[in-house]
Amino acid sequence: MTQGVVILGATGSIGASTLDVIERHPQRFHVEAVTAQTSVEALLDICARHRPKLAVIGDEGLAIALREGLRASGLPTEAAAGAAALAHAATLPGAPIVVAAIVGAAGLVPTLAAARAGKRLLLANKEAVVCAGALLTDAVRAGGATLLPVDSEHNAIHQCLAGARQLERDVRRLILTASGGPFRQQLDLSAVTPEQACAHPNWVMGRKISVDSATLMNKGLEVIEASRLFGFDAERIAVVVHPQSVIHSMVEFGDGSVVAQLGTPDMRTPIAYALGWPDRIESGSATLDFTQLGALSFEAPDLTRFPCLALAYRALQAGPAACIVLNAANEIAVEAFLERRLPFVAIAAVIEETLGRLAPAAPQSVDEVLAIDGAARRAAAQAAATLGIR
Ligand code: NAD
Ligand code: MG
């Protein structure tokens with residue numbers, strides 16, 4: 001019998017890589033359900049190829065387009081729409097595996113639903129961990145779920161920690177590698193365009209995470225993600241810029257040993273690791289040819305040109321509510337930048353301004369997380385309008 005997989009955010013970059021790995025293992029996996037927010041055509045293409053039981057479109061206005069598209073293609077796939085249907089897809093009894101690949105805090109509720117339902121949760125949606133923090137890890141424990149990180153750095157750390165018995169005692173620090181993004185060597189960032197920011201040197205990704213990689217906020221979110229997933233304070237999580245993206249992250253143990261995970265930059269590797277775990281399955285990624293690699297280099301991140309990383313450390317130290325504010329303000333600022341309403345260098349300014357304006361208490365429930373997220377989005381939209389391009 002094959003294992004059913006639900007892919008939340010199937011039409012995105014992680015969704016495509018996941019489908020590619022699944023196709024290599026027809027005797028092991030089948031696609032049970034897929035979701036997207038607005039891309040009906042792309043979702044229909046996936047349904048035609050993988051014939052899932054259920055397809056969900058987040059935008060309810062597109063429900064009819066999805067249903068009619070499925071009918072016109074003669075597919076047996078059932079259609080559903082809206083936020084509740086997204087969360088329902090995450091709990092389908094026919095699928096023990098859920099891939100959380102929605103971008104942004106929008107993925108929080110379905111990701112939590114999968115955790116509560118005791119799924120093997122393949123987590124790419126870092127914003128959900130940044131916002132939910134302990135609520136997510138508690139839901140994983142209460143639901144009897146297994147959380148496997150797909151984000152390449154956290155997946156690397158998961159691999160490096162295999163066999164470590166007592167993290168608090170045995171590990172000195174986690175070392176996250178960062179490519180440095182497209183502007184690592186560019187001094188003047190005042191005229192950066194969305195096209196330039198989305199042209200990542202090593203990875204092809206969705207637009208939001210591409211901009212985050214260019215500001216180094218992606219690494220900032222990942223520092224918070226690592227803290228939540230592995231239980232380390234900010235002081236024990238280091239970031240080093242490694243432009244080749246061959247070492248995906250490292251763990252330094254108490255005896256001075258540093259264990260690293262290496263590979264070609266291809267998200268199918270961490271996805272295959274998480275799908276197959278504890279087995280190792282074929283991912284389709286290229287072999288790392290050491291004789292062609294040349295030098296691996298390392299440098300400290302420049303926090304003056306990339307203040308977003310420093311802001312993320314500050315939010316982690318301030319507490320869970322500040323992390324939600326940071327993430328929400330970043331989502332608003334990145335959207336404004338992509339729509340050419342905000343200069344690249346003002347992204348950090350919008351986040352800093354929003355963090356300064358709001359100081360909510362730590363959330364005790366998902367509703368409180370969503371309330372803080374909403375308030376931060378409103379404050380950030382005001383800040384973006386003030387600092388934006390007229
Ligand atoms: P993407 O933009 O390519 O795809 C996003 C997916 O989420 C799409 O299927 C889209 O339909 C869906 N979506 C968007 N907004 C939604 C909403 N409001 N409600 C429901 N669904 C919505 O993004 P991506 O690059 O695949 O990234 C997905 C997640 O994985 C992000 O959190 C990102 O940080 C993380 N991640 C991505 C990569 C990568 O290489 N792309 C690497 C590590 C982590
Ligand atoms: Mg990453």
Side-chain angles (χ1 to χ4, degrees), residues 6-20 33-46 55-60 62 66 80-87 89-90 99-111 113 122-132 149-158 176-181 198 200 202-213 216-226 229 239 242 245 247-249 261 263 265-271 274 285 327 330-331 334-335 338 370 373 377:
V6 172
I7 307 173
L8 306 168
T11 55
S13 159
I14 292 290
S17 296
T18 305
L19 290 165
D20 182 288
V34 289
T35 84
Q37 180 61 11
T38 54
S39 328
V40 174
E41 288 306 318
L43 198 59
L44 287 170
D45 288 346
I46 293 170
V56 181
I57 194 83
D59 182 339
E60 293 191 62
L62 296 167
L66 176 63
L86 285 177
V99 182
I102 291 174
V103 58
L108 174 65
V109 170
T111 301
L122 274 57
L123 186 82
N125 183 202
K126 66 191 81 188
E127 297 90 349
V129 202
V130 167
C131 292
V150 165
D151 210 350
S152 58
E153 295 75 6
H154 308 77
N155 188 271
I157 289 169
H158 192 272
L176 301 184
T177 51
S179 69
C198 289
H200 195 278
N202 304 337
W203 304 90
V204 180
M205 308 180 287
R207 278 161 68 80
K208 192 265 179 180
I209 184 176
S210 295
V211 176
D212 286 349
S213 299
L216 289 202
M217 179 54 96
N218 183 50
K219 212 48 54 181
L221 295 174
E222 290 181 355
V223 167
I224 300 171
E225 179 183 11
L229 293 183
V239 170
H242 163 47
S245 297
I247 296 178
H248 299 306
S249 277
Q261 186 260 351
D266 186 332
M267 288 308 292
R268 291 177 302 176
T269 296
I271 291 167
S285 66
N327 178 69
N330 181 56
E331 287 194 33
V334 170
E335 184 180 79
L338 284 171
L370 296 175
D373 175 75
R377 278 168 199 271

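Remember, it's 1-based here, ligands and their atoms both numbered in the order they're listed. What you see is a predicted model, and the numbers here were worked out from it, not measured in a lab.
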With carbon and hydrogen excluded and only N/O/S kept, which atom of Glu153 is nearest the Mg ion (ligand 2)?
OE1
Protein contact to atom 21 (N) of ligand 1 [nearest heavy atom, distance to 0.1 Å]:
Ile102 CG2, 3.5 Å
Could you grab the distance from atom CG of Asp151 to atom NE2 of His158, nearest 0.5 Å is fine?
13.5 Å
Protein heavy-atom partner closest to atom 32 (O) of ligand 1 - residue, atom, separation in Å
Glu127 OE1, 2.7 Å
What are the atoms of ligand 1, with element, lying closer than 4.0 Å to any heavy atom of Ala36?
11 (O)
Any N/O of Gly9 closer than 3.5 Å to an N/O of ligand 1?
yes
Please write down residue, atom name and distance for the protein heavy atom closest to atom 44 (C) of ligand 1.
Asp151 OD1, 3.5 Å
Option from Gln261, Lys219, Lys126 for which side chain to side chain donor-acceptor pair (under 3.5 Å) with Glu153 holds:
Lys219
Relative to the heavy atoms of Ala10, which atoms of ligand 1 are at a distance of less than 4.0 Å?
9 (O)
Compare every heavy atom of Ile14 with every heavy atom of Met267, then report the nearest pair and how far apart it is.
CE-CD1, 3.8 Å
Find the distance between CG (Asp212) and CG (Leu221) and round it off to the nearest 0.5 Å.
5.5 Å
So, 4.0 Å and heavy atoms of Ala101: is ligand 1 close enough to count as a contact?
yes
Closest non-hydrogen protein atom to atom 20 (C) of ligand 1, residue and atom name please, with distance?
Gln37 OE1, 3.2 Å
The angle formed at the Mg ion (ligand 2) by OE2 of Glu222 and OD1 of Asp151 is about (to 10 degrees) 90°
Residue-level breakdown please: for Ile209 versus ligand 1, do any non-hydrogen atoms fall below 4.0 Å on the side chain, on the backbone, on both, or on neither?
side chain
Are the side chain of Ser17 and the backbone of Arg268 linked by a donor-acceptor contact shorter than 3.5 Å?
no
Heteroatom distance test (Gly12, ligand 1): nitrogen or oxygen, under 3.5 angstrom
yes
Can Leu338 and Cys198 be said to form a side-chain contact (heavy atoms from CB on, under 4.5 Å), step by step?
CA-CA 9 Å; Leu338 284 171; Cys198 289; 4.1 Å; yes
Can you find an N/O atom of Thr11 closer than 3.5 Å to an N/O atom of ligand 1?
yes
Subset of ligand 1 atoms that lie under 4.0 Å from at least one heavy atom of Met267:
40 (O), 42 (C), 43 (C)
Check for me whether Gly206 has a heavy atom closer than 4.0 Å to any atom of ligand 1.
yes
Say whether Lys208 and ligand 1 are in contact under the criterion: heavy-atom distance to a ligand atom below 4.0 Å.
no
What closest approach, in Å, do Gly9 and Ile102 show between heavy atoms, and which atom pair accounts for it?
N-CG1, 3.8 Å
Evaluation steps, side-chain contact (heavy atoms from CB on, under 4.5 Å), between Leu370 and Leu108:
CA-CA 9 Å; Leu370 296 175; Leu108 174 65; 3.9 Å; yes
Could you walk me through whether Trp203 and Ser245 pass the side-chain contact (heavy atoms from CB on, under 4.5 Å) test, one step at a time?
CA-CA 9 Å; Trp203 304 90; Ser245 297; 3.7 Å; yes
For side-chain contact (heavy atoms from CB on, under 4.5 Å), just list the numbers for Thr111 and Leu123, CA-CA rounded to whole Å, side-chain angles, deciding distance to a tenth of an Å, and then say yes or no.
CA-CA 8 Å; Thr111 301; Leu123 186 82; 3.6 Å; yes
Name of the residue among Val34, Val150, Leu122, Ile271 meeting side-chain contact (heavy atoms from CB on, under 4.5 Å) with Thr18
Ile271
for atom 35 (C) of ligand 1, nearest protein heavy atom and its distance come out as Ala124 O, 3.1 Å
Which heavy atom of the protein is the closest neighbour of atom 18 (N) of ligand 1, given with residue, atom name and distance?
Ala106 CB, 3.3 Å
Of the protein's non-hydrogen atoms, which lies at the shortest distance from atom 14 (C) of ligand 1, and what is that distance?
Val103 CG1, 3.7 Å
Which of the atoms of ligand 1 are close to Leu86, meaning less than 4.0 Å from one of its heavy atoms?
20 (C)
The reported gap from NZ in Lys208 to OG in Ser213 (rounded to nearest 0.5 angstrom) is 9.5 Å
The closest protein heavy-atom partner of atom 27 (O) of ligand 1 is Ile14 CG1, 4.2 Å
Does ligand 1 come near enough to Ser39 that some N or O of the ligand is less than 3.5 Å from an N or O of the residue?
no
Non-hydrogen atoms of Pro110 and Leu86 that approach each other most closely:
CB-O, 4.1 Å
